[in-house]
Amino acid sequence: MPMIPDRYTKTAILLHWVIAALMILNIVLILTVEQFPDEWVRPVVDTHKSIGITVLGLVIVRLLWRATHKPPAMPGSYGRLERFAAHAAHGVLYLLMILLPLSGWMHDSAWKDAATHPMQLFGLVPWPRIGWIMAIEPATKEMLHDAFGALHTWAGYVLYVIFALHVLGALKHQFLDGEKELQRMLP
Ligand code: HEM
């Protein structure tokens, strides 16, 4: 009989921590952008975009991995409500990992100067904007630029809340319930 794993696969663990680190770095970068000298602001925003697109790529790999590799079962001591809350938080986090970079990319594609400021991933690889958004007539595009920007900001607010719950939940299981919770997601 195959053993039921008690921790995530190495690939899932790597993707979890790389994506978490990149998202945290991206949020810190953009929320502190005004502290940088003027000539740094454009490169910092460009790096924010590059990191975000990298996250989008990694999340697609992660979802494919998740669809083909079963995660370890949750410890039997967790109640029904707790299981539901954990699964719901994971679901929302997956949605946000897609919605944040996608709304950022849409916001940036609706930018009126997008055509004259081509995007490059980390200043190295040319990266496209979303063509159908760039092609919209200017007044509507300006409206969409604001709307996608607001969506991007609000997705960030939701992320802060769910991220806090996710971390608190993991710490509760580890230190109050005495489960080997963190070991499931550590190499
Ligand atoms: C991991 C993915 C991403 C996260 C977590 C993220 C998060 C954020 C946050 C928290 C803000 C500040 C919003 C505010 O305070 O109003 C922001 C701003 C912004 N983001 Fe993102 N973002 C991501 C990906 C992207 C991508 C892929 C793009 C574009 C290709 C992008 C473009 C922008 C732009 C243009 C701004 C406004 C910057 C400015 O003040 O000029 N973001 N992002």
Side-chain angles (χ1 to χ4, degrees), residues 8 11-66 88-136 138-170 185:
Y8 285 87
T11 307
I13 292 173
L14 185 70
L15 285 166
H16 174 273
W17 291 110
V18 171
I19 291 172
L22 289 178
M23 288 183 84
I24 292 169
L25 172 66
N26 223 14
I27 289 169
V28 171
L29 265 186
I30 208 69
L31 294 186
T32 58
V33 68
E34 280 168 16
Q35 322 295 320
F36 288 88
D38 284 353
E39 64 275 21
W40 281 56
V41 169
R42 184 54 46 206
V44 168
V45 174
D46 286 345
T47 306
H48 173 84
K49 296 178 191 177
S50 297
I51 294 177
I53 294 294
T54 307
V55 166
L56 187 60
L58 290 174
V59 167
I60 293 169
V61 175
R62 184 167 177 184
L63 285 171
L64 291 172
W65 189 265
R66 176 69 172 70
H90 297 164
V92 176
L93 285 172
Y94 276 118
L95 282 180
L96 291 170
M97 283 185 272
I98 294 177
L99 183 62
L100 268 157
L102 199 57
S103 60
W105 193 17
M106 292 169 87
H107 169 62
D108 193 50
S109 301
W111 178 32
K112 61 179 180 355
D113 293 333
T116 47
H117 292 74
M119 209 185 131
Q120 287 204 320
L121 285 188
F122 301 103
L124 296 170
V125 187
W127 185 259
R129 300 282 195 346
I130 302 168
W132 66 266
I133 296 181
M134 287 181 79
I136 294 170
T140 315
K141 196 159 74 171
E142 195 53 34
M143 220 177 62
L144 285 175
H145 182 250
D146 292 346
F148 293 144
L151 178 63
H152 196 57
T153 302
W154 276 94
Y157 296 154
V158 178
L159 177 70
Y160 305 151
V161 175
I162 305 295
F163 173 70
L165 292 174
H166 177 68
V167 174
L168 287 173
M185 202 37 116

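For ligands, and for the atoms within them, numbers begin at 1 and follow the listed sequence.
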*Pick one: which of Thr47, Val41, Val28 meets side chain to side chain contact (heavy atoms under 4.5 Å, CB included) with Val33?*
Val41

*Identify the closest protein heavy atom to atom 15 (O) of ligand 1: which residue and atom is it, and at what distance?*
Leu31 CD2, 4.1 Å

*Of all the non-hydrogen atoms in the protein, which one sits nearest to atom 35 (C) of ligand 1, and at what distance?*
His107 CD2, 3.7 Å

_To the closest 0.5 Å, what do you measure between CD1 (Ile53) and CG (Asp108)?_
8.5 Å

_Winner among Asn26, Ile19, Ile30 once heavy atoms are compared against atom 2 (C) of ligand 1_ = Asn26

_Quick check: His152 and ligand 1, any N/O pair under 3.5 Å apart?_
yes

*Met106: which of Leu151, Leu144, Ile130 passes side chain to side chain contact (heavy atoms under 4.5 Å, CB included)*: Ile130

*Could you tell me whether atom 13 (C) of ligand 1 has a protein heavy atom closer than 4.0 Å?*
yes

*Would one find an N or O of Tyr160, backbone or side chain, under 3.5 Å from an N or O of ligand 1?*
no

*Return the residue, atom name and 0.1 Å-rounded distance of the protein heavy atom closest to atom 27 (C) of ligand 1.*
Pro101 O, 3.5 Å

*asked:* Need the ligand 1 atom indices (1-based, order shown) with element for anything under 4.0 Å from a heavy-atom of Met23.
replied: 1 (C)

*Residue portion contacting ligand 1 (non-hydrogen atoms closer than 4.0 Å) for Tyr157*: neither

*Quick one: does His48 get an N or O within less than 3.5 Å of an N or O on ligand 1?*
yes

*Count the heavy atoms of every other residue, nucleotide or ligand shown that sit under 6.0 Å from CD of Glu34, and state whether that count exceeds 12.*
no

*Ligand-side contact atoms (ligand 1) for residue partner Trp105, heavy atom cut-off under 4.0 Å*: 28 (C), 29 (C), 30 (C)

*Any idea which atoms of ligand 1 are less than 4.0 Å away from a heavy-atom of Gly52?*
2 (C), 24 (C), 27 (C)

*Can you sort out which atoms of ligand 1 are near Thr153, meaning under 4.0 Å from one of its heavy atoms?*
13 (C), 14 (C), 16 (O)

_Protein heavy-atom partner closest to atom 41 (O) of ligand 1 - residue, atom, separation in Å_ = Val45 CG2, 4.3 Å

_For ligand 1, the portion of Met97 having any non-hydrogen atom under 4.0 Å away_ = neither

*With distance as the sole test, does His152 use its side chain to make a donor-acceptor pair with the main-chain N or O of Leu100 at under 3.5 Å?*
yes

